[in-house]
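Reading through the C-alpha cells given below for one structure.
Every number for a ligand or one of its atoms is a count from 1 in the order of the listing. Count residues from 1 along the sequence. Atom set for the values below is all heavy atoms of this structure, side chains included, hydrogens, waters and symmetry mates excluded.
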Amino acid sequence: MSGLFITFEGGEGAGKTTQIRLLKEALEARGKEVLLTREPGGSEGGEMIRPLLVSGHATWDALTEVLLFSAARRDHLIHKIWPALEQGKIILCDRFSDSTMAYQGYGRGDDKQLQKKLTQLYEMIAGNFEPDLTFVLDIDPNIGLKRSCNRSGNTERRFEDMDIAFHQNLRQAFLKIAKEKPERYYVVSAEQSVENIHQEIMKVVDQYVR
Ligand code: TMP
C-alpha cells in the first residue's frame with residue numbers, strides 16, 4: 001500500500017482533535033491528499049457501533065466491549081483505511097488499536113490474559129497491518145479531564161466518567177506501549193502550547209512526507 005497511516009493516541013483532553021486538524025491543514029497546504037478519520041467510527045458501520053461504546057453507561061463485560069471495538073475497527077479498515085492507503089492517501093486517525101490495549105487491556109488493571117486476547121483479536125481482524133507512525137499525546141489526567149469536562153455538549157462520557165485511577169492506568173499504558181517500539185511511537189507532551197505541540201509533530205512528519 002502506497003499511502004501513510006498515522007494514528008494519534010492519548011488520554012482524555014489531550015488535544016488530539018486540534019492537532020489532527022492542524023496537521024491536515026499543513027499537509028494539504030503542501031498538496032497532499034489527506035483523510036481524517038476516527039475510532040470507534042470512521043466508516044458507516046463503525047459510526048453505527050460508536051454510540052454503543054462511548055455514550056450511556058452500558059455494563060459490557062471486558063471481552064464484549066473489545067469485540068464491539070474490534071467489529072467497528074474491521075469495518076473501518078475494510079471500507080475506509082485500506083482503500084485510502086491503496087489510493088496513496090495520508091490517513092490521520094484519531095485513536096486506533098493502542099487505545100484498545102490501553103483502555104481495555106490496562107485501564108481497569110494490568111490484565112495479562114485480556115492483553116493476550118486483545119493481541120490475538122487484533123491479528124484476527126487486521127493481520128500484521130499496523131500504523132506507520134503513532135503520536136502519543138501525553139498529559140496528566142487531572143489536567144486532561146478538566147479540559148474534556150469543560151467541552152460543552154459532550155455526551156460521549158462513558159470512559160471520561162471512569163475514576164482517576166483508570167485514567168492514571170491509561171497514561172502509564174500508553175507510555176509503556178510507546179517505549180516498547182520507539183521506532184514507530186513519538187510521545188509528545190500535551191501540556192505545552194498548541195503551536196509548540198504542532199511544531200513538534202511537524203518535525204517528525206517531515207521525516208515521512210516529502
Ligand atoms: P474520543 O473520540 O473522544 O477520543 O472518544 C473515544 C472514546 O472511546 C475514548 O474515551 C476512548 C475510548 N476508546 C476505547 O476505550 N477503546 C478503543 O479501542 C478506542 C478506539 C476508543
So how far is it from [X] [atom1] to [Y] [atom2], rounded to the nearest 0.5 Å?
| X | Y | atom1 | atom2 | result |
| --- | --- | --- | --- | --- |
| Arg171 | Asp138 | CZ | CG | 4.0 Å |
| Thr100 | Leu68 | OG1 | CG | 11.5 Å |
| Ile90 | Lys24 | CD1 | NZ | 11.5 Å |

For [atom], what's the nearest protein heavy-atom neighbour? Residue, atom name and distance, please.
| atom | value |
| --- | --- |
| atom 12 (C) of ligand 1 | Phe159 CD1, 3.6 Å |
| atom 7 (C) of ligand 1 | Val54 CG1, 3.6 Å |
| atom 3 (O) of ligand 1 | Arg50 NH2, 4.4 Å |
| atom 19 (C) of ligand 1 | Phe69 CE2, 3.4 Å |

In ligand 1, which numbered atoms sit nearer than 4.0 Å to a non-hydrogen atom of [X]?
| X | answer |
| --- | --- |
| Ser99 | 16 (N), 17 (C), 18 (O), 19 (C), 20 (C) |
| Tyr103 | 10 (O), 11 (C), 14 (C), 15 (O) |
| Lys16 | 4 (O) |
| Glu39 | 20 (C) |

**Report entry** Pair Gln104-Asp111, side-chain donor/acceptor within less than 3.5 Å
**Finding:** no

Is [X] touching ligand 1 with its side chain, its backbone, both, or neither, if touching means heavy atoms under 4.0 Å apart?
| X | answer |
| --- | --- |
| Ser97 | neither |
| Arg95 | side chain |
| Gln104 | side chain |
| Arg157 | neither |

**Report entry** Working for side-chain contact (heavy atoms from CB on, under 4.5 Å), residues Ser43 and Asp75
**Finding:** CA-CA 7 Å; Ser43 60; Asp75 192 79; 2.5 Å; yes

Query raised in the report: Among Thr7, Leu133, Leu175, Asp98, whose side chain to side chain contact (heavy atoms under 4.5 Å, CB included) with Tyr185 holds?
Result: Asp98

Report task. Tell me whether the centres of the aromatic rings in Phe69 and Tyr103 are closer together than 6.0 Å. Result -> no

Query raised in the report: Taking the six-membered ring for Trp, are the ring centroids of Phe5 and Phe96 within less than 6.0 Å of each other?
Result: yes

Report task. Could you tell me how the ring of Phe129 sits relative to the ring of Trp82: parallel (under 30°), tilted (30 to 60°) or perpendicular (over 60°)? Result -> perpendicular

Query - Test of proximity, Thr100 against ligand 1: N or O pairs below 3.5 Å - result: yes

Query - Partner set under salt bridge (Lys or Arg N to Asp or Glu O under 4.0 Å) for Lys146, not counting sequence neighbours - result: none

Requested in this report: Answer yes or no for Arg73: is there a heavy-atom contact with ligand 1 below 4.0 Å?
Outcome: yes

Requested in this report: Give a yes/no on ligand 1: does Glu12 have at least one heavy atom closer than 4.0 angstrom to it?
Outcome: yes

